[in-house]
2 protein chains.
Amino acid sequence: MNTPQATQQDVGGPASGKQRLVEAALRLAARDGTTLSAVGLREMAREAGLNHNTFYRHFRNAEDLVGAAAEEIAAQLMVGLKAVRQSAARHADATVGAVEYFLDFVEANPDVIVVGTRELHSLASPMRAVLQRVLETIAQESVAQITSQNLVKLESREQLFQVSLDITRYMFSHGLDLIDRPQDRRVIAAKLVAHIRRQFLGSIAVQQLEARKQLET
Amino acid sequence: MNTPQATQQDVGGPASGKQRLVEAALRLAARDGTTLSAVGLREMAREAGLNHNTFYRHFRNAEDLVGAAAEEIAAQLMVGLKAVRQSAARHADATVGAVEYFLDFVEANPDVIVVGTRELHSLASPMRAVLQRVLETIAQESVAQITSQNLVKLESREQLFQVSLDITRYMFSHGLDLIDRPQDRRVIAAKLVAHIRRQFLGSIAVQQLEARKQLET
DNA sequence: ATTCAAAGTAGCCAACTGTATACCTAACTG
DNA sequence: CAGTTAGGTATACAGTTGGCTACTTTGAAT
């Protein structure tokens with residue numbers, strides 16, 4: 001039949017075929033609770049409204065698609081969470097702000113969280129390494145912001161990074177809970193805030209403890 | 001052909017058909033990095049060395065199998081981590097002991113961790129709820145042990161539980177890192193220990209802060 | 001205006017999947 | 001001992017899958 005086609009350079013238009021395939025893959029993986037690599041070419045082409053052979057025009061393997069999806073998710077996370085951080089900085093309580101804006105992001109981009117958390121915990125997935133680097137980068141940017149605003153009695157830069165990384169991972173993982181039980185947003189938010197406070201205070205306490213130990217010698 | 005059979009009540013013998021199917025499913029899910037529900041009846045029967053129809057003698061659906069696998073993993077985790085906790089209590093430093101024995105458990109049961117962490121982060125999986133309850137139970141038992149030995153200036157029982165739960169989840173998730181990079185055991189152990197210390201100290205600090213606040217009013 | 005490559009389509013194939021029906025056999029039960 | 005049943009097997013079927021080759025359309029460059 002050969003229905004109408006288009007060679008748009010995406011910008012604005014109804015998304016290029018490649019993009020549509022990636023989005024379809026994410027949608028299906030999120031809906032069916034499968035790993036990205038288990039989605040199947042044909043199903044995903046169907047979901048994207050394309051012939052199944054079109055897949056091969058854009059990707060070699062299924063693994064190749066996962067790589068592209070990883071880039072997509074990474075990009076969305078980077079810009080989304082950057083916005084979260086900046087909004088949080090203008091909030092009366094930066095911690096509460098970070099949590100609330102983050103949960104807004106989760107509600108607006110559930111697929112990213114659903115697929116992202118699962119792939120992050122799948123050893124075989126090529127996306128895992130990408131996501132780990134994304135979380136590290138976000139943590140590093142948080143450290144920069146925290147130190148520049150003197151939000152926390154600084155401690156060793158390395159410790160601050162570890163804490164930020166743990167918090168970032170914690171929030172990421174617990175985004176799932178919000179998607180699972182949207183009506184529990186308030187208690188989830190409270191737990192996140194409590195966790196963050198505990199981490200920072202604990203970090204300071206550890207620092208003091210080590211300083212005291214060093215004095216004793 | 002109809003090869004020899006047996007109606008053993010498992011105990012000791014070479015495992016019942018049901019058991020063998022569950023084990024095969026876990027092995028395959030761990031090996032291929034897929035979700036349990038994506039393993040496929042035939043492949044799993046093949047791995048178990050059984051005819052594919054035998055599956056239906058033991059399970060109705062694929063979902064049914066996942067449920068049984070959940071029970072299996074839950075049981076292994078409960079007994080394994082109980083042993084970890086008890087060994088840790090006899091260690092000079094309970095925290096270091098808990099971490100080291102836990103990592104031993106991870107190295108001895110990689111499939112449980114690999115599959116467990118992935119299913120725990122899969123919304124659709126019936127195993128997720130089971131694992132959440134397992135982690136909660138383990139956290140509660142830890143609380144009991146901690147209070148009975150007066151290891152931590154007690155704080156509110158509820159706070160202690162939250163901290164234990166966070167720590168349990170943290171360790172569980174980071175078991176994957178050990179499987180991913182077995183040569184990094186020492187740094188992973190160090191990070192786990194640091195995290196646990198930070199959590200407990202942070203929890204105490206939060207408690208003190210709140211007490212002080214209450215005095216001011 | 002012609003050429004050309006990129007993006008899409010169509011149809012085919014062998015392999016595999018889940019499921020259903022029918023058959024076999026060991027062990028327990030009356 | 002006869003009967004029943006739980007666990008195992010064989011075979012068949014329709015639907016799906018990944019991958020192949022061959023054709024068509026499109027937009028852009030020459």
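Convention: sequence-line order gives letters A, B, ...; per-chain numbering from 1.
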*Sequence neighbours left out, what passes salt bridge (Lys or Arg N to Asp or Glu O under 4.0 Å) with E23(B)? Give chain and number order.*
none
*Set of salt bridge (Lys or Arg N to Asp or Glu O under 4.0 Å) partners for R31(A), sequence neighbours left out*: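 Salt bridge (Lys or Arg N to Asp or Glu O under 4.0 Å) list for R31(A), sorted by chain: empty.
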*Distance check: side-chain N/O of R20(A) vs OP1/OP2 of dG8(C), anything under 4.0 Å?*
no
*May I ask you to check whether F55(A) and F59(A) place their ring centres under 6.0 Å from each other?*
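Ring centres of F55(A) and F59(A) closer than 6.0 Å.
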Could you list the donor-acceptor pairs under 3.5 angstrom formed between side-chain atoms of residues 73-89 of chain B and any protein atom two or more places apart in sequence or on another chain?
{"unit_1": "Q76(B)", "atom_1": "NE2", "unit_2": "E72(B)", "atom_2": "OE2", "d": "2.8"}
{"unit_1": "R85(B)", "atom_1": "NH2", "unit_2": "E141(B)", "atom_2": "OE1", "d": "2.5"}
{"unit_1": "S87(B)", "atom_1": "OG", "unit_2": "A83(B)", "atom_2": "O", "d": "3.0"}

_Interatomic distance where CG belongs to L21(B) and P belongs to dG18(C) [whole Å]_ = 13 Å
*Could you give the CD-to-P distance, from Q19(A) to dG8(C), as a whole number of Å?*
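Nearest whole value for this atom pair: 13 Å.
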*Could you pull out all residues at least two apart from Q183(A) that satisfy side-chain contact (heavy atoms from CB on, under 4.5 Å)?*
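If we apply the side-chain contact (heavy atoms from CB on, under 4.5 Å) test to Q183(A), skipping adjacent residues, the hits are R181(A).
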Identify each donor-acceptor pair in which a side-chain atom of residues 122-130 of chain B lies under 3.5 Å from a protein atom, sequence neighbours left out, and give them as a table.
{"unit_1": "S122(B)", "atom_1": "OG", "unit_2": "R118(A)", "atom_2": "NH1", "d": "3.3"}
{"unit_1": "S122(B)", "atom_1": "OG", "unit_2": "R118(B)", "atom_2": "O", "d": "3.0"}
{"unit_1": "S125(B)", "atom_1": "OG", "unit_2": "E119(B)", "atom_2": "OE1", "d": "2.6"}
{"unit_1": "S125(B)", "atom_1": "OG", "unit_2": "M127(B)", "atom_2": "N", "d": "3.0"}
{"unit_1": "R128(B)", "atom_1": "NE", "unit_2": "D180(A)", "atom_2": "OD2", "d": "3.4"}
{"unit_1": "R128(B)", "atom_1": "NH1", "unit_2": "L120(B)", "atom_2": "O", "d": "3.0"}
{"unit_1": "R128(B)", "atom_1": "NH2", "unit_2": "D177(A)", "atom_2": "OD1", "d": "3.1"}
{"unit_1": "R128(B)", "atom_1": "NH2", "unit_2": "D180(A)", "atom_2": "OD2", "d": "3.1"}

*With sequence neighbours excluded, what pairs up with Q145(A) under the side-chain hydrogen bond (donor to acceptor under 3.5 Å, both in side chains) test?*
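Applying side-chain hydrogen bond (donor to acceptor under 3.5 Å, both in side chains) to Q145(A) gives Q149(A).
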Considering only NZ, NE, NH1 and NH2 on the basic side and carboxylate oxygens on the acidic side, decide whether [X] and [Y] come within less than 4.0 Å.
X       : Y       : value
R27(A)  : D32(A)  : no
D104(B) : R185(B) : yes
R169(B) : E136(B) : no

_Results of ring-ring contact (aromatic ring centres under 6.0 Å, His included) for Y170(B) - residues two or more places apart only_ = H174(B), H195(B)
*Mind checking ring-ring contact (aromatic ring centres under 6.0 Å, His included) for H58(A) and listing every partner two or more places apart, or none if nothing turns up?*
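Counting only residues at least two positions away or on another chain, H58(A) forms no ring-ring contact (aromatic ring centres under 6.0 Å, His included).
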*For the residue pair H121(A) and H121(B), categorise the inter-ring angle as parallel (less than 30°), tilted (30 to 60°) or perpendicular (more than 60°).*
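Plane angle under 30°, so parallel.
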*Please work out which residues in residues 32-43 of chain A have a non-hydrogen atom less than 4.0 Å from an atom of DNA chain D and list them by number.*
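G40(A), L41(A), R42(A), in order of number.
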*Using a heavy-atom distance cut-off of less than 4.0 Å, which residues of residues 47-70 of chain A contact DNA chain D?*
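Hits under 4.0 Å, by residue number: H52(A), N53(A), Y56(A), R57(A).
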*Near DNA chain C, under 4.0 Å by heavy atom, which residues of residues 22-29 of chain A?*
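Nucleic-acid contacts, sorted: none.
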*Taking five pairs at each end of the helix from dA1(C)-dT30(D) to dG30(C)-dC1(D), what angle separates the two helix axes (nearest 10°)?*
10°
